[in-house]
Protein chains: 2
Amino acid sequence: MAGIDDVARAAGVSTATVSRALSGRGPVSAAARDRVLAAADRLGYVVSAAASSLASGRTRAVGVVVPFLDRWFFSTVLAGISDALVRQGYDITLYSVSTDATGRRRVFDDHLRRRRIDAVITIALELDAEESASLRGLGVPIVAIAGPNPLLTTLTVDDLAVGRLATTHLLELGHRRLAHIGADAVRDAGATVPGLRRRGFEEALAEAGIERALFEPADFTIEGGSDAADRALSSPAAPTAIFAASDEMAIGAILAARGRGLRVPEDVSVIGVDGHELGRWFGLTTVDQFARGQGERAADAVLAELDGAEPARGRGTLPFELVDRGSTAPPSR
Amino acid sequence: MAGIDDVARAAGVSTATVSRALSGRGPVSAAARDRVLAAADRLGYVVSAAASSLASGRTRAVGVVVPFLDRWFFSTVLAGISDALVRQGYDITLYSVSTDATGRRRVFDDHLRRRRIDAVITIALELDAEESASLRGLGVPIVAIAGPNPLLTTLTVDDLAVGRLATTHLLELGHRRLAHIGADAVRDAGATVPGLRRRGFEEALAEAGIERALFEPADFTIEGGSDAADRALSSPAAPTAIFAASDEMAIGAILAARGRGLRVPEDVSVIGVDGHELGRWFGLTTVDQFARGQGERAADAVLAELDGAEPARGRGTLPFELVDRGSTAPPSR
DNA sequence: CTGTTAGCGCATTCAG
DNA sequence: CTGAATGCGCTAACAG
């Protein structure tokens, strides 16, 4: 495999000039650059990541840390990140952190600390103080998508507002007996994404003077949503409307309702959050949060910081939007 | 950040011994190893990927090349790969190749050639001769999942048999007017995954003495499957059974059938391929191919090769299994 | 079993 | 604008 000195020889310049010409850093005459580029192309020369990184301190790679790979939201955000990063010649190094504590520590204490990446993007990760500190200790730009984290630069949807928007939509249709599927009151007590959506729900209800509502925790899967909706719908004071904190749970709720012989939205309204592509097929009304765009925004943000821009301190705000596809309507009871 | 010489000093040994103790390569006395491990732990030392890789030629990373990130099959296989690789301390570098020719070339000609990875796994990638050659030129183990490729070590389901299995299932139920949704006759003329499933369909029909069948190309999405099924079901000789080459298309077919007021399976049977988690909710009969397991198998295969095992020449075979969830039944017409 | 030595391939000084 | 020299941090011989 051709090395930088092969290129230097072929172009009749020194390795230093080859390096400058190929990286675009430092002055090179147009003539020299042309000869270098031609020689590099002819020889099929590609810079060695290890050597370049050892000498320069830069890696041209961004680490992306996710809790799940096989759920729609995460893979969609990841696709957005990938698009934006590849365009700029960056590689992606993927770190999937399970809930398993040991494996999780290994990612933060070992893998991420190998100096293999120039920046980190986290997706919907709930980090404890130690993990946040560990990330900061890397000394690279960090952008956290989804999940307000006081210790990091975040790029996040205002999930409190999302919860209020969805709930207000139901209230304006005239619903008074509502249920919320999502946050676990204990686990998500803090400012987690599920916790904020739940609080948005509660606040909107309080403002409307409604004191009672049903809460059913679920795990953000279709199955979890279905089970939770089943519990809610079998309660004595069954709700006329359900706000699920994700589209997958909302779809589960629709399926559960159908399974009980209830029509959506005539007998029960359902609204979700996400903008899952599947929602279209269920006529699901949702608060779209443009997952793919979130990934692109995050990638652009880290790239800007790598280009020397100031870190966007505090939190950047991501758009969201109510999309009415018909699964919500005025209550019939 | 602590370097290897800090650890060496703290442990009272040379850097060579630190390297040997930490990597497990080369002899080290138990006493020395213990002191090194303790010192490394205390100092929070983690080896620099670039320096280690430059000196050793190993990177402890595997490249994974995918055509899509945001489709169920790919993200599920990726999750399986990630699990298996992380357990062994390997990082994943992700390369998403679009259909865009320029971007695609960049991945093969630049990104993959930076010597950032010890091995490559490709998922359902249709490679032309040049791309295959480019991969082989990397000089690292390569495992291709899905997509028989005469030029590479592959790990693949026997998609011809999958096509025959699904089709035979329909024939045994008594269907005679069948439709297939999937391969494009021109694009997938070769030994592609869609092409093989289609040929399995054709062969099974031929053996049953059936000469005519409907073919509707589609793009492996729910929407594509729905449109294709719509076309098939509106043809003069509408089929009584549909074999879709993926579960997402099969779900689209079920939705299209429902949209036309047809019952599944009473009016039309539908069978898919994949084992998509969503299938359960549609009662979809399918040929499960255990996507997550495929990823794990592929990861294990490259790890074995990296451990010095002989490359499993030719093709490894992956399991598949008919799962009857009720969307197929004898024809009523 | 251990330490010494010599690079791995490139980016960056610093002179020129 | 260019080239020569230095070292990034670690691993792999080799000799002891």
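In the text below, chain A, chain B and the rest are named by the order of the sequence lines, each starting its count at 1.
Side-chain contact check for A:V65 versus A:V120: some heavy-atom pair is nearer than 4.5 Å. Residues B:P194 and B:F220 are in side-chain contact: their nearest non-hydrogen atoms beyond the backbone lie under 4.5 Å apart. Side-chain atoms of B:Y45 and A:R113, non-hydrogen and from C-beta on, never get closer than 4.5 Å to each other. Side-chain atoms of B:I92 and B:I81, non-hydrogen and from C-beta on, do get closer than 4.5 Å to each other.
The CE-P distance, from A:M1 to C:dC10, rounds to 11 Å in whole Å. If you take CG of B:D34 and C1' of C:dT2, they are 16 Å apart, rounded to a whole angstrom. Per the geometry, CZ belonging to A:R60 stands 15 Å off C1' belonging to C:dC10, to the nearest Å. We find that CZ of B:R116 is positioned 14 Å from C1' of C:dC10, with the value rounded to whole Å. Protein atom OH of B:Y45 is 10 Å distant from nucleotide atom C1' of D:dT11, rounded to whole Å. Rounded to a whole Å, the CG atom of A:L54 is 11 Å from the P atom of C:dA11. A straight line from CG of A:D5 to C1' of D:dA5 spans 15 Å, rounded to a whole angstrom. As rounded to whole Å, 14 Å separates atom C1' of C:dG3 from atom CZ of B:R35.
Side-chain proximity of B:V13 to the nucleotides C:dC10, C:dG3, D:dC1 is greatest for C:dG3. Comparing atom distances between the B:V47 side chain and each of C:dC10, D:dC8, D:dC10 picks out D:dC10 as nearest.
Contact between the side-chain N/O atoms of B:S14 and the OP1/OP2 oxygens of C:dG3 is found at a separation under 4.0 Å. Residue B:T17 places at least one side-chain N or O under 4.0 Å from the OP1 or OP2 atom of C:dG3.
Backbone-only contact: A:V28 has heavy atoms under 4.0 Å from sugar-phosphate atoms and none from a base.
A side-chain N or O of B:T59 and one of B:D118 form a donor-acceptor pair less than 3.5 Å apart.
Under the 6.0 Å distance and 45° angle rule, A:R71 counts as a cation-pi partner of A:F68.
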For nucleotides 12-16 of chain D, tabulate all protein N/O to nucleotide N/O atom pairs closer than 3.5 Å, reporting atom names and distance.
residue: D:dA12; atom: OP1; partner: B:R58; partner atom: NH2; Å: 2.5

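Look at B:R105 and B:D110 and you find no salt bridge, because none of the NZ, NE, NH1 or NH2 atoms lies under 4.0 Å from a carboxylate O.
Summary of the strand contacts: A:R115 and A:A32 both lie near DNA chain D, and taking for each the nucleotide with the nearest heavy atom, the more 5' one is attributed to A:A32.
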